[in-house]
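Report on the following structure.
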Amino acid sequence: MTPSFVDKLRAALGPENVLTAPASLLVYSYDGALDKNLPGAVALPRSAEEAAACVRLAAEAGVPYTARGAGTNLCGGSVPAAGGLVIHLARLNRILEINRDNLRAWVEPGVVNLHLQNALAPLGLFYAPDPASQKASTLGGNVGTNAGGPRCLRHGVTTNHVLALEAVLPGGELLRCSVEDAGYDFTGLLVGSEGTLGVVTKIQVKLLPLPEDVQTLLAAFPSLEAAVQTVTDVISAGILPTALEVMDKTTVHSVEAFVGAGYPLDAEAVLLVETDGPRARAAAEAEKIADVCRANGASSVRRAATPEERQKLWEGRRGAYPAMARLAPNVLVEDGVVPRQLLPEAVRRIRAIAARERLRMGLIAHAGDGNLHPNLAFDERDAEETRRVKAAGYEMLKVCVDLGGSISGEHGIGVDKREAMRWLFTPATLRFFRRVKEVFDPANLCNPDKLIPLAEAEAPAETAASAAPAAGPRSPEASALPDFLRAAKKDRRPVFIRGLGTKNVPVPPGARLLETARLNKILDHDRPNFTVTVEAGVALEDLKAALAGAGQFVHVSGAGSLGGILSARSSRRPALRDQVIGLAAVLPDGDCVRLGAKVMKNVAGYDALKLFIGAWGTLGVLTEVTLRLFPFPPEDPQAEPAPRPFAPTALERRLKRALDPEGILNNVFFEDGHGRE
Amino acid sequence: MDENKNAPDIRTRPADLSSATDKSRYDESLHCNRCGFCTSFCPTYLATGDEGLSPRGRNQAFRAMLEGRLKDPAEAERLFSTCLLCGICTSVCFAEVPTAKLMSAGREKILESRGEPWFLKLVLRVLLPRPRLLEPLLKLAFLGKRLGLGRLLNRAGLLRRVSPKLAAAEEMSETAPLRFLRSRLRRPAAADAEVVQFLACGPNYLKPEVGEATARLLAASGARFGCAQNVCCGLPGVSFGDMDAARALAKKNIVELEKYPAAAVLVDDSSCAAAVKDYPGLFETEPAWRDRAEALARRTRDFSEWALAEREKILRAPSAPAPAAAPLQVTYHDPCKARYGQKITDPPRLLLRALPGAEYRELPEADQCCGGGGTYSFVHPDISRAVLDRKIRNILSTGAGTVATCSVSCLLQVEFGLRRASSTVEAVHLASLLSRFLRGPGVT
């Protein structure tokens with residue numbers, strides 16, 4: 001960083017809005033956890049224009065930069081890992097517009113989550129994502145990490161509530177994108193990208209009407225297994241509560257010593273359930289939930305009769321972290337996620353690790369999502385203890401991966417979990433992430449050294465294969481695809497993908513036909529987890545028939561194969577992007593990528609699977625799709641009449657070129673348009 | 001990177017401290033694990049959006065200073081001196097890190113590292129312990145103000161040139177009484193007094209009518225009462241980080257108030273009430289004084305606590321006819337030293353809700369400081385006024401015609417903000433307001 005760069009910043013922002021004093025730099029070196037690095041300067045822009053000026057000046061000077069909100073994140077995402085400039089967005093804190101008619105609001109990224117809730121409550125509205133940090137964390141930060149929270153079980157996480165974004169891209173150009181746009185879902189890609197693809201300057205969020213009634217129950221169980229079985233049974237009974245929180249015995253005991261919420265001390269696990277909605281429905285659901293708890297051997301079930309009692313029941317859950325925070329100067333909050341019914345097994349293995357390393361640990365879980373948080377107390381001044389805690393945390397993440405889960409449900413990857421990404425993703429998938437990053441940020445200045453492990457340290461293929469899950473396609477039909485595409489690439493022959501042919505698009509002259517109709521196997525129907533993984537050529541009708549017997553439903557409508565429906569985004573409501581949790585595809589160069597997992601919450605890596613939804617097969621051939629299932633049929637299914645291909649923007653062209661430089665794959669759709677602004 | 005010559009060390013390490021007090025403060029600072037949940041509550045962070053001006057930033061800088069990771073302790077001055085010491089952060093902190101206390105300690109370290117300015121020393125160590133020196137000087141200054149000297153200088157821009165702080169102070173205060181409460185009341189307490197009225201500097205020097213109202217209410221209570229011959233409570237010493245000065249003042253007051261061993265000590269300024277209740281914390285290493293301080297703290301009452309306990313004796317019943325001076329709607333601003341310093345929130349509200357003829361309206365963001373903070377309002381006028389503007393917007397949003405509070409620092413600040421907003425809303429001390437509802441002959 002040169003003095004002239006700082007001078008230019010001062011000229012653009014005003015000298016008092018650029019900090020370089022040593023003490024100021026010190027307090028921008030950390031986030032809410034352990035990672036630290038000193039920035040060279042800090043900018044405090046007051047408007048989206050000033051934030052954009054920071055990005056442009058940094059790009060011009062070749063200075064790395066990191067956008068920061070409230071700095072409550074837990075994996076180093078907002079720590080300036082490469083030094084350079086911190087762009088602190090706290091002053092962009094205006095709620096620009098609340099539209100009560102179409103239930104949307106435009107906000108700036110520095111708006112504190114709770115401040116938005118406070119502005120909405122008098123209007124009878126709320127914004128669903130409620131991360132534990134919501135009193136301080138900003139919506140920009142929530143977008144960066146794709147934040148969740150206890151009530152996301154029913155309502156979904158941040159990505160399900162962000163409708164449009166405005167962002168300054170690393171090149172300095174402004175990106176405006178919306179989930180309603182045709183083409184690649186850049187809105188979905190930016191959410192959860194931890195500020196590595198651009199600096200978000202405006203956010204449009206979805207609002208919901210406040211429920212008429214809230215019902216809260218607390219049940220005590222003799223075993224963790226019984227509590228988790230209850231969770232599965234509640235969901236199987238057709239109830240999707242807003243929250244299903246599990247606490248283990250250690251947590252309950254430490255919490256009781258601290259707040260005295262009246263939690264049962266003899267229980268092995270305590271389950272806190274909350275459901276809301278119209279008064280009669282919420283009450284009926286609470287009744288049913290209590291029955292399910294008792295049927296699973298709950299030793300006590302308490303139901304809050306008043307708002308005060310409800311607060312009391314939540315007090316213990318909220319006290320879980322504070323109770324640990326009082327035990328020691330530092331608490332590592334680890335964040336893993338597993339298929340829901342495997343929670344007891346995950347907890348058993350995680351406890352064994354903590355016991356072996358002699359660590360003080362309390363466990364809480366958003367059990368409905370299979371998301372668990374081991375809380376480890378320690379003192380960062382003790383380097384040896386800190387090392388043991390970090391190593392144990394890593395080992396706990398490995399447990400989640402081994403059980404088919406993910407290394408982060410809601411905190412993100414940052415600098416902290418970059419290496420663990422190798423357990424979860426194949427080298428080809430990591431390469432894909434790097435290509436996406438390069439398309440947005442060729443100079444690698446925008447929050448560099450985050451999220452993706454370094455390519456130079458790429459593990460040799462054999463170790464990667466043993467660590468990472470099944471790398472390639474799982475059926476002989478799919479296995480032939482990489483060679484097919486490589487051959488086409490070599491010959492520069494166009495390829496045209498056809499599923500069940502329901503769209504009646506003729507094969508372009510000279511193109512090779514790639515038919516996916518024989519990718520027709522249902523690979524994995526995980527009933528207790530409410531997920532299904534199918535090959536992309538499976539007909540929606542066949543899938544629905546197969547699930548009907550189990551009383552489970554996909555909320556997808558339309559005709560043809562799942563791959564076709566996804567590629568054309570022909571099922572619009574409820575949105576496909578909210579249901580697809582995993583996907584495998586073969587890229588035009590034959591690379592096989594595998595994105596997502598069969599878990600409800602997953603913020604590991606770019607949410608790049610959303611790029612394939614509505615991409616018309618221009619980025620890759622879909623081979624597998626994992627969908628979340630519901631215990632009830634969709635309320636109001638809607639199929640789009642005749643989906644049309646899209647005309648690409650400059651950014652879309654860049655992404656396409658990066659993945660398919662020869663333009664072999666489904667280019668007939670891509671070249672159809674004449675460019676969009 | 002050329003700026004990094006003075007770069008602080010970001011790696012934490014155990015601090016090497018010799019003093020027991022330093023060790024206690026250090027241990028307290030360690031419990032900040034940087035979760036950041038305090039930031040969105042801190043008035044100075046809300047006003048500036050600067051992490052350095054947040055409780056977390058301040059705690060981390062304090063810790064770095066004690067661990068010897070800042071090249072020069074004075075580097076942290078801006079972070080430490082801009083803290084309002086309101087204490088809201090501690091109230092929302094899981095580990096209850098006492099940031100305000102740490103900031104006083106941090107200011108003390110900075111004073112130690114570069115010597116205390118002579119003017120501050122003169123005020124804290126020479127004038128405040130000696131009312132007989134202080135009072136004539138104050139009168140001289142107030143006379144000058146009454147003659148319009150300050151305004152004249154301010155208008156000519158001269159005051160700002162000499163000292164922006166003085167200019168801000170001149171602009172802020174409207175009052176300049178020439179007779180102080182001490183001489184107005186002329187009622188020294190006897191040794192067997194049941195209640196002694198602590199002469200807090202705000203009511204004594206700036207708003208004597210507040211102390212007079214308190215005295216009227218005291219008279220109505222029927223208690224044997226009188227004034228203590230106390231000096232300043234020592235809060236300015238704590239705020240500026242001159243803990244020795246604070247201790248000296250506290251000792252003087254402990255000795256004075258021990259003359260009335262059975263009396264409750266009534267303090268009609270919440271800032272001073274909190275300071276007296278905090279005396280034990282000043283004597284961590286002097287157990288004998290700590291015991292005496294604790295005994296005093298136990299019998300010290302904030303005005304609102306006392307008034308609530310005596311309500312039926314001193315105030316008209318809620319069902320009684322409203323006095324002519326009754327406000328229509330009233331709201332209440334909590335002094336931070338009451339809300340956080342003494343955990344008092346209910347008493348003033350219960351009192352106001354029970355006033356005949358007046359409707360109580362809760363103030364939005366009642367947990368937020370007004371930005372007054374004693375001398376803060378003219379030491380950091382920009383931040384203070386940004387914090388104040390938010391407070392005034394909230395006061396105006398209630399539609400109340402009167403806003404009550406219980407500390408003269410807050411009262412002056414809110415009055416100033418209302419004047420700046422050209423508002424007709426009346427700001428009043430709780431004692432003054434309650435005195436309009438005195439229970440008297442024929443009125444129950």
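No side-chain N or O of A:N37 forms a donor-acceptor pair with one of A:Y28 less than 3.5 Å apart. Side chains of A:T20 and A:R10: a donor on one and an acceptor on the other come within 3.5 Å. Of the N and O atoms on the side chains of B:H333 and B:Q368, not one donor lies less than 3.5 Å from an acceptor on the other residue. Judged purely by distance below 3.5 Å, without hydrogens or angles, the side chains of B:Y360 and B:E362 pair a donor atom with an acceptor atom. Looking at A:S137 and A:N142, their side chains do bring a donor and an acceptor atom within 3.5 Å of each other. With 3.5 Å as the limit, one finds no donor-acceptor pair spanning the side chains of B:S19 and B:R25. If you check the side chains of A:N73 and A:D31, you find a donor sitting under 3.5 Å from an acceptor.
Taking A:G32, A:A90, A:G110 one by one and counting their heavy-atom pairs under 4.5 Å with chain B, the maximum is reached by A:G32. Ranked by heavy-atom pairs shorter than 4.5 Å toward chain B, the options A:G71, A:A21, A:S24 are led by A:G71. Interface remark: of the candidates B:E51, B:E75, B:H31, B:E77, B:E51 forms the most heavy-atom pairs closer than 4.5 Å to chain A. Of all the listed residues (B:A64, B:G57, B:C38), the one sharing the greatest number of non-hydrogen pairs under 4.5 Å with chain A is B:G57. When the candidates B:A76, B:P14, B:A61 are compared by the number of heavy-atom contacts under 4.5 Å with chain A, B:P14 comes out ahead.
For A:L34, the parts lying near chain B are the backbone and the side chain together; criterion is any non-hydrogen pair under 4.5 Å. Both the backbone and the side chain of A:V331 come within less than 4.5 Å of a heavy atom in chain B. Using a 4.5 Å cut-off between heavy atoms, B:R78 touches chain A through its side chain atoms alone. Proximity to chain B involves both the backbone and the side chain of A:R326, based on heavy atoms less than 4.5 angstrom apart. Contact annotation for A:R68: only side-chain heavy atoms (C-beta onward) come within less than 4.5 Å of a heavy atom of chain B. For chain B, no part of A:A323 is nearby; none of its heavy atoms comes within less than 4.5 Å. Looking at B:R56, the atoms closer than 4.5 Å to chain A (heavy atoms on both sides) sit in the backbone and in the side chain alike. Looking at B:L30, both its backbone and its side chain come within 4.5 Å of chain A, counting heavy atoms on both sides. Heavy atoms of A:A33 lying under 4.5 Å from chain B belong exclusively to its backbone. B:E67 touches chain A through its side chain: at least one heavy atom from C-beta onward sits under 4.5 Å away, while N, CA, C and O do not. A:L26 touches chain B through backbone and side chain together, each having a heavy atom under 4.5 Å away. For B:D72, no part lies under 4.5 angstrom from a heavy atom of chain A. Using a 4.5 Å cut-off between heavy atoms, B:I10 touches chain A through backbone and side chain atoms alike. In this structure, the portions of A:S133 lying under 4.5 Å from any heavy atom of chain B include both its backbone and its side chain.
You'll find the ring centres of B:F37 and B:F94 inside the 6.0 Å limit.
The number of heavy-atom neighbours closer than 6.0 Å to CZ of B:R13, taken from other residues, nucleotides and ligands shown, is above 12.
Comment: B:D334 engages B:R339 in a salt bridge, judged by a side-chain N to carboxylate O separation of less than 4.0 angstrom.
Applying side chain to side chain contact (heavy atoms under 4.5 Å, CB included) to B:M103 and the options B:C83, B:S239, B:P98 leaves one that passes, B:C83.
Checked by atom type and distance alone, the side chain of B:R361 never pairs as donor or acceptor with a backbone atom of B:T331 at under 3.5 Å.
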